[in-house]
Amino acid sequence: MSHIELSEQEILRRESLQKLRDLGIDPYPAALYPVDAYAHNLKQDFEDGKEVCLAGRMMSQRIMGKASFAELQDASGRIQVYFNRDEICPDEDKTLYNEVFKKLLDLGDFIGVKGRVFKTQVGEISVHVHSFTVLSKSLRPLPLPKTDTDGNVHDAFTDPELRYRQRYVDLVVNPHVKEVFVKRTKLFNAMRHFFNEAGYMEVETPILQAIPGGASARPFITHHNALDIPLYMRIANELYLKRLIVGGFDGVYEFSKNFRNEGMDRTHNPEFTAMEIYVSYKDYNWMMDFTERLLEHCAMSVNGKTEATFGEHHIDFRAPYKRVTMRQSIIDFTGFDIDGKSEEELFAAAKGMGIAVDETMGKGKLIDEIFGAKCEGNYIQPTFITDYPKEMSPLCKVHRDNPELTERFELMVCGKEVANAYSELNDPIDQRERFEEQLRLQEKGDDEAMFIDQDFLRALEYGMPPTSGLGIGMDRLIMYLTNNASIQEILFFPQMRPETKSVKIELNENEQAIFAAMQKQGESVLPDLRAQFAEMSNKVWDNSVKTLTKNNLLKVSKENETLYIRLV
RNA sequence: GAUUCCGUAGCUCAGCUGGUAGAGCAAUACACUUUUAAUGUAUGGGCCCUGGGUUCGAAUCCCAGCGGGAUCACCA
């Protein structure tokens with residue numbers, strides 16, 4: 001089972017590993033290697049004759065007898081290194097060059113080199129190697145895309161399944177993949193910087209929650225043994241951040257890994273990252289100003305410009321963004337005015353627009369459906385949609401001018417929501433009623449309605465200052481900023497079905513029993529093993545053992561007239 | 001969940017209306033002291049995703065399963 005059949009190339013690499021050891025070379029040395037240079041910098045600032053020490057993976061080898069070129073890839077990029085036999089081996093013994101460098105090193109091995117920077121006749125900046133050190137042997141061949149002189153990539157490592165399952169290989173071999181993740185980190189840093197400059201505090205709140213609040217979604221459930229209670233992986237951190245505002249912090253934010261037990265597709269992963277920030281004494285109008293300045297700043301930090309390309313769309317994150325009320329948006333795209341309409345009227349209108357509706361939908365849900373179907377997709381440039389129906393926003397303050405609406409906005413980019421913000425509801429009595437309304441919706445059949453968090457209500461009863469909160473879908477934002485249509489491209493390790501690599505062999509009861517016994521013993525004399533299964537007939541025994549040996553699980557061998565059986 | 005496409009060497013891919021598996025790169029061996037998709041010559045490498053079926057014969061046709069992609073639905 002643990003035995004994996006090795007390919008020819010893997011066997012050869014293991015042999016090279018042993019030969020290195022036989023030559024007294026440790027293929028996995030412990031000592032630090034005194035790197036003082038990086039490929040990118042050496043090429044950027046060429047200094048002829050400079051002595052350098054660098055390390056990385058050997059990604060190509062061009063051997064020409066007594067001289068060779070190789071390419072070294074470190075974290076910053078690639079640089080060519082030049083090996084000369086008589087310089088690597090000044091004495092009679094040419095083993096280090098002829099054997100170690102030419103034969104025992106494979107592509108993908110980590111080596112360190114010390115040498116002098118120079119330019120070849122063809123003008124390639126290279127390092128003339130005086131000495132090299134094996135730093136780590138690679139036992140599996142990497143896929144090796146090659147770029148020709150015209151910049152065309154050949155044999156690119158493109159299979160999405162392999163790329164996501166073995167992201168480490170993807171990163172080694174596809175430099176553009178690395179760039180995406182560098183940008184992702186730049187985005188996080190830019191946001192942190194922006195918030196910290198504004199004087200707000202980064203905090204951490206529970207990921208394991210007794211009540212999964214703050215959003216409507218199906219949670220992952222787990223169990224705490226010592227307390228013997230169910231716990232949920234958080235679907236949002238909103239209610240905890242508000243508790244901190246109650247506690248007297250002025251502004252708090254958190255990059256929150258959230259978990260939702262729902263479908264996966266091009267834009268949804270079961271775990272994803274949201275950023276939430278809450279600032280006291282502000283309202284959603286202030287938050288719109290803050291958000292557009294924030295995103296302009298982030299786009300600049302990530303891409304060096306406010307414009308971004310996403311598929312066929314060209315978007316510009318330069319502030320300010322257009323602001324449209326939801327009512328106006330629906331008028332714009334359908335001609336229908338939702339203002340003052342009854343549930344029946346909205347139902348009929350939605351149905352008339354060809355939207356699938358059912359009786360469980362309340363007013364708010366109907367409006368949301370209309371907006372989702374007819375309006376949302378039209379907002380390519382960043383646009384604030386404001387003033388959502390009350391029913392859809394149970395944590396949001398009622399609109400100061402209209403009791404049917406809330407002070408909420410969503411930021412739409414490329415027809416999708418990127419951010420969501422409120423003037424936060426801080427009236428504890430209203431909040432309790434909203435939660436109870438959610439319960440009624442749940443009973444009516446809306447499986448998205450929220451749980452009631454009594455402790456959160458208690459906190460509000462102590463008093464929360466007027467506060468505005470903002471949530472940003474970080475994954476979606478980075479997709480826009482790096483022009484990736486798939487969330488799997490911007491997560492290091494997107495969720496995949498587990499690999500079921502081991503070939504499943506159906507064993508019957510007897511075969512399983514014998515195999516289990518062998519797994520414990522590892523090796524046995526055949527008659528001894530037979531004796532342990534005395535209840536089996538000879539025929540059953542014989543068939544079982546043959547099945548196991550045929551499937552390469554066990555092996556029988558004869559040594560000095562004794563039959564041994566062992567695990568393969 | 002539905003539809004659809006795909007699964008062949010380490011990687012990228014050919015393989016026709018069924019007849020015992022092919023290329024390039026990578027690997028191995030030899031040659032080669034400034035090359036760069038290095039070059040030249042030679043060689044090795046395959047559970048053709050898994051399991052069933054049809055057939056004298058299946059990588060190829062049929063069915064089922066597993067894994068992945070795309071689109072749609074659901075879902076923030």
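A, B, ... follow the sequence lines: proteins, then strands. Residue 1 opens every chain.
- Near RNA chain B, defined here as any heavy-atom distance below 4.0 Å, the residues from residues 473-494 of chain A are A/Q488, listed numerically.
- Listed nucleotides B/A26, B/G67, B/A76 differ in distance to A/K146; the shortest reach to its side chain belongs to B/A26.
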Give every pair of a protein N or O atom and an N or O atom of nucleotides 8-12 of chain B that lie under 3.5 Å apart, one pair per line with the distance.
| residue | atom | partner | partner atom | Å |
| --- | --- | --- | --- | --- |
| B/G10 | N7 | A/Q9 | NE2 | 3.4 |
| B/C11 | O2' | A/D155 | O | 3.4 |

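- By the salt bridge (Lys or Arg N to Asp or Glu O under 4.0 Å) test, A/K102 pairs with no residue at all, sequence neighbours left out.
- The salt bridge (Lys or Arg N to Asp or Glu O under 4.0 Å) test applied to A/R85 returns no partner, not counting sequence neighbours.
- Legend: residues meeting side-chain contact (heavy atoms from CB on, under 4.5 Å) with A/E410, ordered by chain and number and at least two apart, are A/Y388, A/R408, A/M412, A/E417, A/N420.
- Residues meeting the side chain to side chain donor-acceptor pair (under 3.5 Å) test with A/H313, sequence neighbours left out: none.
- Donor-acceptor pairing under 3.5 Å, judged by distance alone, is present between the side chain of A/H154 and the base of B/A37.
- Between the side chains of A/S7 and A/E10, a donor-acceptor pair is found at a separation under 3.5 Å.
- Contacts between residues 409-417 of chain A and RNA chain B, counted as heavy-atom distances below 4.0 Å, involve A/E410, A/E417.
- Note that the CD atom of A/E292 and the CE atom of A/M288 stand 8.5 Å from one another [nearest 0.5 Å].
- Listed by chain and number, the residues in a side-chain contact (heavy atoms from CB on, under 4.5 Å) with A/N174 are A/P145, A/F157, A/R163, A/D170, A/H176, A/V177 (sequence neighbours excluded).
- With sequence neighbours excluded, the residues forming a ring-ring contact (aromatic ring centres under 6.0 Å, His included) with A/F310 are A/Y480, listed by chain and number.
- Put simply, A/R165 has a side-chain N or O that comes within less than 4.0 Å of OP1 or OP2 on B/G68.
- Taking A/R13 as the reference, A/D106, A/L107, A/D109, A/S138, A/L139, A/P141 meet the side-chain contact (heavy atoms from CB on, under 4.5 Å) condition, with sequence neighbours excluded.
- For A/S126, whose side chain is taken as the heavy atoms from C-beta onward, the closest listed nucleotide among B/U35, B/A76, B/U34 is B/U35.
- For the segment residues 96-108 of chain A, residues with any heavy atom less than 4.0 angstrom from an atom of RNA chain B are, sorted by number, A/K103, A/D106, A/L107.
- By the side-chain contact (heavy atoms from CB on, under 4.5 Å) test, A/E391 pairs with A/K363, A/L441, sequence neighbours left out.
- The side chain of A/R266 sits closest to B/C72 out of B/A37, B/U35, B/C72.
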